[in-house]
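Chain A is the first sequence line, chain B the second, and so forth, proteins listed ahead of strands; every chain is numbered from 1.
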There are 2 protein chains.
Amino acid sequence: MAHKTRPVILRAFRGIDGFASARELHAQAVGNGDALGLATVYRELRRMVSEEIVDVVHDLDGEARYRHCDEAHHHHLVCERCGLTREIAGEEIETWIIGVAQSAGFHQIRHTIELVGLCSTCAS
Amino acid sequence: MAHKTRPVILRAFRGIDGFASARELHAQAVGNGDALGLATVYRELRRMVSEEIVDVVHDLDGEARYRHCDEAHHHHLVCERCGLTREIAGEEIETWIIGVAQSAGFHQIRHTIELVGLCSTCAS
DNA sequence: CACCATTTTGATAACGGTTCTCATTTGTCC
DNA sequence: GGACAAATGAGAACCGTTATCAAAATGGTG
Ligand SMILES: [Mn+2]
Ligand SMILES: [Mn+2]
Ligand SMILES: [Zn+2]
Ligand SMILES: [Zn+2]
């Protein structure tokens with residue numbers, strides 16, 4: 001029998017909109033009837049982040065928030081009121097980054113780009 | 001007599017290249033002969049961040065790292081090996097962000113963009 | 001199934017950065 | 001100097017995360 005933790009985490013992600021903290025994911029899993037320990041949640045999330053199955057960003061307080069993502073490389077547009085999240089991708093910006101880095105003589109560039117604002121519903 | 005903490009923090013920043021943690025700034029200040037408590041460092045940094053005098057980013061562990069910045073709005077290109085930091089600004093990317101946000105119906109967009117890599121010295 | 005080696009799990013302790021508390025110190029004004 | 005307000009900082013508290021390690025689950029093997 002294969003490990004059972006990952007499917008539990010994936011199901012928890014499916015029940016949550018946008019980014020979620022480790023504790024929120026744990027609560028969601030328990031609510032789903034999937035009993036598991038908080039330590040296991042942290043451990044599995046660490047693995048999924050290292051496998052790039054899950055994106056992680058830190059909020060203003062430094063708390064990690066996770067999201068299960070579909071595509072290989074993209075960024076996020078998040079509503080800071082309701083949590084609605086859109087995935088965004090643009091070749092333009094990737095090109096711009098590479099250009100900036102090269103002209104400064106930098107190599108092996110990684111980047112973080114996150115956009116936060118109010119969605120159309122929350123703005124009205 | 002005005003408060004004395006802020007000049008002490010600014011002097012600590014001057015002695016550090018790139019981003020620094022609260023503890024590093026405290027150590028730098030003490031090394032400068034400016035005795036002050038760590039709680040005071042945190043308090044003043046919070047003020048300076050809220051006044052947008054200081055930029056703050058969170059490293060992979062979630063620890064806050066601060067930088068005293070000159071210009072109003074810009075981003076950073078940081079060498080992850082030696083800490084060398086270049087400030088970068090580009091109207092292109094700001095325009096792209098506004099376009100993406102508008103087409104998704106989002107308002108009042110804030111953004112985080114950080115580039116990390118190896119500087120020319122460290123890459124060789 | 002019985003046995004044992006390996007892996008996974010999770011309750012709890014430990015850790016570390018940040019914030020809070022509040023008594024003491026410092027500044028300001030008369 | 002005296003009275004009041006503001007700033008300071010040592011230490012406690014807080015809280016998200018990671019480390020521990022014993023118990024449980026797994027999976028061969030005979
Ligand atoms: Mn994503
Ligand atoms: Mn800057
Ligand atoms: Zn919204
Ligand atoms: Zn470097």
Side-chain angles (χ1 to χ4, degrees), chain A residues 1-13 16 18-68 78 80 83 112 114, chain B residues 1-13 16 18-68 78 80 83 112 114:
Chain A
M1 181 180 166
H3 320 159
K4 71 180 183 188
T5 298
R6 181 154 305 185
V8 166
I9 299 292
L10 289 174
R11 188 141 82 104
F13 268 121
I16 289 181
F19 285 88
S21 68
R23 196 169 294 273
E24 287 166 352
L25 283 163
H26 179 249
Q28 177 71 38
V30 171
N32 287 342
D34 299 319
L36 84 172
L38 184 57
T40 304
V41 172
Y42 275 108
R43 186 162 41 219
E44 193 62 30
L45 284 172
R46 237 177 293 143
R47 285 181 191 141
M48 295 171 89
V49 168
S50 75
E51 294 173 33
E52 301 188 358
I53 294 171
V54 162
D55 279 356
V56 57
V57 300
H58 289 94
D59 66 18
L60 293 178
D61 301 325
E63 183 176 8
R65 302 189 68 77
Y66 304 87
R67 186 158 199 260
H68 177 224
V78 183
E80 62 189 338
T112 301
E114 298 295 331
Chain B
M1 178 182 168
H3 320 161
K4 71 179 181 187
T5 298
R6 180 153 309 186
V8 165
I9 299 291
L10 289 174
R11 189 142 80 104
F13 268 119
I16 288 182
F19 285 88
S21 68
R23 196 169 294 273
E24 286 166 353
L25 284 162
H26 178 249
Q28 178 69 38
V30 170
N32 287 343
D34 300 318
L36 83 172
L38 185 56
T40 305
V41 173
Y42 274 108
R43 188 162 39 221
E44 193 62 30
L45 284 172
R46 235 177 297 145
R47 286 181 190 138
M48 295 170 90
V49 168
S50 75
E51 293 173 34
E52 300 187 357
I53 294 170
V54 163
D55 280 354
V56 56
V57 299
H58 288 95
D59 67 16
L60 293 178
D61 300 325
E63 184 175 7
R65 301 189 70 78
Y66 304 87
R67 187 159 199 260
H68 177 224
V78 184
E80 62 189 339
T112 303
E114 298 296 332

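- Going from atom CZ of B/R43 over to atom C1' of D/dA6 covers 11 Å, rounded to whole Å.
- Expressed to the nearest 0.5 Å, how far OG1 of B/T112 lies from NE2 of A/H58 amounts to 12.5 Å.
- Between B/K4 atom NZ and D/dG9 atom C1' the separation is 11 Å, expressed in whole Å.
- Following rounding to the nearest Å, B/E24 (CD) and C/dG17 (P) show an atom-to-atom distance of 10 Å.
- Between A/E44 atom CD and C/dT7 atom P the separation is 16 Å, expressed in whole Å.
- For B/V57, the side-chain contact (heavy atoms from CB on, under 4.5 Å) partners are B/F19, B/R65, B/E114, not counting sequence neighbours.
- Not counting sequence neighbours, the partners of B/Q28 by the side-chain contact (heavy atoms from CB on, under 4.5 Å) test are B/A12, B/I16, B/N32.
- Listed by chain and number, the residues in a side-chain contact (heavy atoms from CB on, under 4.5 Å) with B/R6 are B/L10, B/E44, B/R47, B/M48, B/E51, B/I53 (sequence neighbours excluded).
- Shown here are the salt bridge (charged side-chain N to carboxylate O under 4.0 Å, His left out) partners of A/D34, two or more places apart in sequence or in another chain: A/R11.
- With rounding to whole Å, A/L60 atom CG is found 11 Å from C/dT19 atom P.
- Atom CG in B/L45 sits roughly 9 Å away from atom P in C/dT18 (whole-Å rounding).
- The CG-P distance, from B/L25 to C/dG17, rounds to 14 Å in whole Å.
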Do nucleotides 12-18 of chain D as a string where each nucleotide becomes B, S or -: B if the base has a protein heavy atom under 4.0 Å, S if just the sugar-phosphate does, - if no protein is that close. ----SBB
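- OP1 and OP2 of D/dT8 both lie 4.0 Å or more from every side-chain N or O belonging to B/T40.
- For A/F13, the side-chain contact (heavy atoms from CB on, under 4.5 Å) partners are A/I9, A/L25, A/L45, A/V54, A/Y66, A/H68, not counting sequence neighbours.
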